[in-house]
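Counting convention: from 1, in listed order, for ligands and their atoms alike. All values below were derived from every heavy atom in this structure, side-chain atoms included, with hydrogens, water molecules and symmetry-related copies excluded.
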Amino acid sequence: MITLSVIKADIGGYVGHSSSHPAILEQAREGLEVARKDGLLADFRVLACGDDLQLIMTHEQGEDNERIHKLSWDIFEAGTELAKKLKLYGAGQDLLSDTFSGNVKGMGPGVAEMAFEERPSEPIIIFMADKTSAGAWNFPLYKMFADPFNTIGLVIAPVMHSGFAFEIHDVKEHKKITLNTPSEIYDLLVFLGAPSRYAVKSVYHRETNEIAAVSSTQRLSFIAGRYVGKDDPVCVVRAQNQFPAVGEVLEPFTLPFIVEGWMRGSHHGPLMPVAFNDANPSRFDGPPRVIAAGFQIANGQLVGPRDMFDDPGFDEARRHANDIAYYMRHHGPFEPHRLPLDEMEYTTMPQVMVKLADRFTDI
Ligand code: F6R
Ligand code: MG
Ligand code: MG
């Protein structure tokens with residue numbers, strides 16, 4: 001069994017919230033290299049998506065392992081120190097606790113982990129997004145694993161024909177439910193279509209029960225009970241053979257679907273699929289971005305990454321995303337560009353209501 005852990009945090013932006021400083025990435029690589037030499041990690045890569053630092057690690061410690069989580073926490077804390085020295089913006093913003101207590105879940109960082117037997121060939125795509133929230137994966141995961149108009153393999157590949165099971169988390173009530181496709185897609189879509197409340201945590205191959213995909217579902221705003229930034233989630237998807245082909249896994253992103261996030265975590269906007277070098281959201285702190293890192297895993301080694309959205313095949317999606325971004329920006333402070341009142345990460349409503357309280361009269 002090999003475990004793939006993707007653990008990420010925003011520990012400081014360069015410049016503002018737009019990107020990550022190279023020195024932070026370099027220091028994280030040095031830290032993980034020590035753990036690799038010590039034998040804790042089989043392999044690792046450090047990437048960034050916007051202002052989020054992404055630690056991609058393979059090991060044999062299983063999911064929710066204290067040593068792996070402590071290693072990540074230490075890297076984030078050391079990175080925060082460096083971010084403070086460089087006076088990067090929002091240094092340590094996702095580290096919500098001063099002390100590590102066994103697991104980074106609930107402490108601010110986002111976590112997506114899966115343990116599996118490596119197949120004879122193991123293609124994996126790691127999606128990383130910035131300026132959006134956990135439910136952003138609902139739409140593409142549904143398309144990949146349940147929509148035959150996206151994934152023809154569901155119809156014509158015998159190994160996929162029995163469908164997939166979706167584990168959905170209610171991120172407010174902290175409850176979960178598993179629903180099967182294709183038999184329960186109408187029930188499934190009642191939840192998936194409400195991504196601010198329900199998020200797909202994982203997807204399983206129904207016939208074999210093998211893990212197919214896993215996402216990070218933490219909602220930072222709920223964890224902290226106050227605004228601390230958007231989740232900027234990650235999602236790991238296994239591809240080929242009994243799972244959707246790489247092209248079927250990437251296909252949902254040809255539509256820049258609308259997600260919540262963008263400026264001040266308080267707007268709807270299109271999710272733009274971009275190459276690694278273009279994941280620096282600057283236009284009105286956006287529009288929200290997603291990158292896709294492709295790997296072949298070989299005996300625990302990460303062969304890659306390939307920058308999967310670095311393909312002219314996604315140029316139209318990017319152009320379309322810009323069109324949508326311009327259109328939505330014209331709405332300024334009006335919904336549906338601005339999020340509904342109780343979804344915004346920033347609000348002045350309480351102060352305004354107090355100030356104007358005695359000017360309200362009955363109609
Ligand atoms: C969105 C985001 C940014 C900030 C904005 C204001 O997720 O991180 O859009 O919300 O730049 O940031 P502050 O309040 O730190 O000045
Ligand atoms: Mg930030
Ligand atoms: Mg971010």
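Of the candidates His330, Arg329, His331, His337 forms a side-chain hydrogen bond (donor to acceptor under 3.5 Å, both in side chains) with just one, namely Arg329. Of the candidates Trp137, Phe164, Phe139, Phe164 is the only one forming a ring pair (Phe, Tyr, Trp, His ring centres under 6.0 Å) with Phe145.
Residues Lys8 and Asp10 are not paired through a salt bridge, judged by the lack of any N-O separation under 4.0 Å between the basic side chain and the carboxylate. A salt bridge is defined here as a Lys NZ or Arg NE, NH1 or NH2 lying under 4.0 Å from an Asp or Glu carboxylate O, and Glu122 with Arg238 meets this definition.
In this structure, His69 has its ring center at least 6.0 angstrom away from the ring center of Phe100.
The Trp262 neighbourhood of ligand 1 comprises atoms 1 (C), 7 (O), 9 (O), with distances under 4.0 Å to a heavy atom of that residue. Near Gly265, with a cut-off below 4.0 Å to any heavy atom, the atoms of ligand 1 are 1 (C). Within the listing of ligand 1, atoms 9 (O) sit less than 4.0 angstrom from a heavy atom of Met263. Close approach to His17 involves these atoms of ligand 1, each under 4.0 Å from a residue heavy atom: 3 (C), 4 (C), 5 (C), 8 (O), 11 (O), 12 (O), 15 (O).
The cationic atom of Arg283 (NZ for Lys, CZ for Arg) lies less than 6.0 Å from the six-membered ring centre of Tyr326 and within 45° of the ring axis.
Protein N, O or S atom count below 2.8 Å of the Mg ion (ligand 2): the structure gives 3.
Checked against a 3.5 angstrom limit, the closest N/O atoms of Arg264 and ligand 1 fall inside it. On a distance-only criterion, Lys131 and ligand 1 share no N/O pair closer than 3.5 Å.
In this structure, Glu248 and Met144 approach most closely via the heavy-atom pair O-CG, 3.8 Å. Looking at every heavy atom in both residues, Ser282 comes nearest to Arg289 through N-NH2, 4.3 Å. Listed here is the closest heavy atom pair of Leu339 and Glu343: CD1-O, 3.5 Å.
Contact annotation for Glu345 and ligand 1: no heavy atom of the residue comes within less than 4.0 Å of the ligand.
Distances from atom 12 (O) of ligand 1 to the heavy atoms of Phe284, Tyr89, Tyr346 show the closest one on Tyr346.
Within the structure, ligand 1 lacks Gly16 among the residues with a heavy atom less than 4.0 angstrom away.
Ser121 and Gln296 form a side-chain donor-acceptor contact under 3.5 Å, judged by distance and modelled atom types alone.
Residues Tyr89 and Asp51 form no side-chain contact, since every pair of their non-hydrogen atoms from C-beta on lies 4.5 Å or further apart.
Summary: OD2 is the N/O/S atom of Asp232 found nearest to the Mg ion (ligand 3). Taking the Mg ion (ligand 3) as reference, the nearest N/O/S atom within Asp130 carries the name OD1.
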